[in-house]
Amino acid sequence: MQEQFLWVEKYRPATIDDCILPDNLKNTFKTMRDKGEVLNMLLSGPAGTGKTTVAKALCEELGCDYIVINGSDNNGVDMVRDKVSSFAGTMSTNGKTKVIIMDEADYITPNAQAALRNLIETFSANCRFIFTCNFKHKIIEPLHSRCSVVDFSFDKSELPKLQVQIAKRVFGMLTTESIEFSKEAVLEIVKRFTPDNRRIINEIQRYANINGKIDSGLFAVVDTAKVQNFVNFMKSGDFKSCRQFIADNPDPDVIFTELYDNIVDYVDPGSIPNLILILGEYQHRAAFVANQEINLAAFCVEAMKGLKWK
Amino acid sequence: MEIDLFGNIIMEEPEYDVKPTKKNPFDYTKDIGDKTYPDDFSGYNEWLTNSSFSQRKDTVLYANEMNKYYELTPKAQFDFYYHALPKKKYFAKWAKAVKSDYTDAIMWYFEVSYKVAKQYERVLKKEQMQSITDKYNKRKGGKNV
């Protein structure tokens, strides 16, 4: 059995009821579970919101034979044909529908996505596909039309209820792990990073590993220091270091969300409106571009030349 | 000169290279800088060309335009760079992610992407990563230590 070093894996919900999701979304998956069927689906939304977790929970509860293929590591036509065909081409031992969870499907090349279109039809009697992605625009139209699209972008009004649920889950984990904790510190982290549950749990475990207990010192070690380094590279006009930072931190979407709070104090007040417009423009573009790294690198150049620094 | 049985001169046939030489993806970046227009775009790779131009401060904004309009044909993308950028050598050293000794093992163990593995790497203790790496090295079909 796999040893679970990470709380995010150890406490990963195994049932749909345990998943932390808005009611309407949860009901969608409960209905599928109750009907005993898995549809071809495209689950789209920000990182850490539970797309892969709910897909796995659905398969587990229905007793389906399933595999997870990560699109960011296996994204070419050959991978798609080989892995998908070898799994979907055989009947499952229990006679139930097989499921392929294609994680981070927005990293799969358009040619490989086109190949998948045919494979969905070829194996339709035996296998269903669940695609997860952050940016649904990057999934080709023929795949959209073959799947039910489920959006995990939560409305702001739904967040407080989710925050209560994730906070309770974290309290439970910390109690089970016998880690002393301050409720206020946990709530603050939950508030800050919701709906990215993976990030919340990872930050808390990381601090617990360092400090042995969870207290207000947690905020000092939350990983914003690295974003500040990035801002300093921009301020000094050092594009080479910015580019290396981007290559080393494969999370441009997370960096974008943290950037404003880290950059605003270094910018001349007269440049703040321009900063907001540049940041807004590049965050908006992030949903449409093929390569997130290039978009963040381009942001750096715009910020370097368009802002007056303190 | 050789003559066959019927008295015809046997012409020596020129040797043809039957394997068409396909251009390397980076040849197109060089062509853009040299202002050499290629006949064939079959070897053009949008991802690599855009990444290549994103390494330089003076070309990254152009790269991001093609990054946004990635559905354009290879020829259209090449033409954009060809006509927009001046003649120049566009070589730049690539910024590459530095993988730690543990990243591959974490990706394998938790079946997660590079991106998630890097997040996990920050949380795991060194001894835990070592234990995962040992399992990774002893896995079936893997490197045996």
Side-chain angles (χ1 to χ4, degrees), chain A residues 2-9 47-48 52 67-73 103-104 107 109-110 138 198-199 201-209 223 237 239-251 254 282 285 288-302 304-305, chain B residues 45-72 77 92-100 102-104 106-132 134-135:
Chain A
Q2 195 188 49
E3 205 176 338
Q4 293 298 5
F5 302 107
L6 290 164
W7 297 350
V8 78
E9 296 290 343
T52 312
I67 56 164
V68 182
I69 299 174
N70 200 298
S72 67
D73 306 317
D103 217 7
E104 305 200 33
Y107 284 89
T109 63
K138 290 194 205 156
R198 182 168 54 224
R199 178 100 198 256
I201 297 168
N202 281 340
E203 291 293 351
I204 287 175
Q205 185 180 1
R206 181 167 167 256
Y207 187 66
N209 284 347
D223 210 22
F239 179 74
K240 219 172 165 185
S241 298
C242 285
R243 194 66 188 84
Q244 187 57 49
F245 175 92
I246 294 165
D248 285 334
N249 292 280
D251 244 345
V254 173
Y282 279 86
R285 279 185 179 207
F288 304 97
V289 296
N291 185 334
Q292 298 294 320
E293 278 192 23
I294 297 176
N295 191 48
L296 186 53
F299 166 81
C300 290
V301 170
E302 286 271 27
M304 282 178 200
K305 67 172 191 187
Chain B
N45 182 310
E46 300 89 327
W47 186 275
L48 290 177
T49 308
N50 294 344
S51 292
S52 180
F53 283 117
S54 81
Q55 307 298 328
R56 296 174 57 103
K57 195 175 176 178
D58 58 346
T59 51
V60 63
L61 295 179
Y62 296 91
N64 204 36
E65 290 304 318
M66 289 302 98
N67 187 31
K68 190 167 68 166
Y69 302 120
Y70 58 88
E71 281 163 332
L72 287 169
Q77 297 203 34
K93 196 176 172 226
W94 278 46
K96 282 186 185 162
V98 184
K99 270 193 184 179
S100 80
Y102 306 116
T103 316
D104 284 333
I106 294 170
M107 285 169 71
W108 166 80
Y109 189 78
F110 294 106
E111 294 180 327
V112 292
S113 63
Y114 173 75
K115 193 166 105 174
V116 176
K118 292 301 271 185
Q119 290 174 19
Y120 285 3
E121 210 174 305
R122 291 178 48 241
V123 182
L124 289 162
K125 293 176 183 168
K126 202 162 183 191
E127 61 269 22
Q128 291 171 333
M129 290 197 278
Q130 194 52 57
S131 161
I132 290 170
D134 292 344
K135 288 186 175 94

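Below, chains carry the letters A, B, ... as their sequence lines are ordered, and counting in each starts from 1.
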Atom group of B:Ser131 that falls short of 4.5 Å from chain A, counting heavy atoms: side chain

Most chain A-contacting option - heavy-atom pairs closer than 4.5 Å, from B:Val112, B:Leu124, B:Asn64, B:Leu61: B:Asn64

Proximity breakdown for A:Tyr282 and chain B, heavy-atom pairs closer than 4.5 Å: side chain

Nearest-0.5 Å distance that lies between atom CG in B:Asn50 and atom CD in A:Glu293: 12.5 Å

Flag side-chain contact, heavy atom, 4.5 Å: B:Tyr120 against A:Arg198: yes

Contacting moiety of A:Lys240, where chain B heavy atoms sit under 4.5 Å: neither

Pair B:Tyr62 + B:Phe53: ring centers closer than 6.0 Å: no

Side chain proximity check, B:Val123 to A:Leu6, heavy atoms < 4.5 angstrom: yes

Top contributor to chain A contacts, counting heavy-atom pairs under 4.5 Å, from B:Trp47, B:Tyr114, B:Tyr69: B:Trp47

Atom group of B:Met107 that falls short of 4.5 Å from chain A, counting heavy atoms: side chain

Any donor-acceptor N/O pair, B:Gln77 side chain to B:Leu72 backbone, under 3.5 Å: yes

Side chain to side chain contact (heavy atoms under 4.5 Å, CB included) partners of A:Glu104, counting only residues at least two apart: A:Asn70, A:Ser72, A:Asp106, A:Tyr107, B:Ser113, B:Val116

Heavy-atom pair count under 4.5 Å with chain B, highest-scoring of A:Ile294, A:Val301, A:Val289, A:Val8: A:Ile294

Pair A:Arg243-B:Trp94, side-chain contact (heavy atoms from CB on, under 4.5 Å): steps then yes or no: CA-CA 9 Å; A:Arg243 194 66 188 84; B:Trp94 278 46; over 6 Å; no

Options B:Lys125, B:Lys118, B:Gln55, B:Glu46, ranked by heavy-atom pairs under 4.5 Å with chain A, top entry: B:Gln55

A:Arg285 portion near chain B, given a 4.5 angstrom heavy-atom threshold: side chain

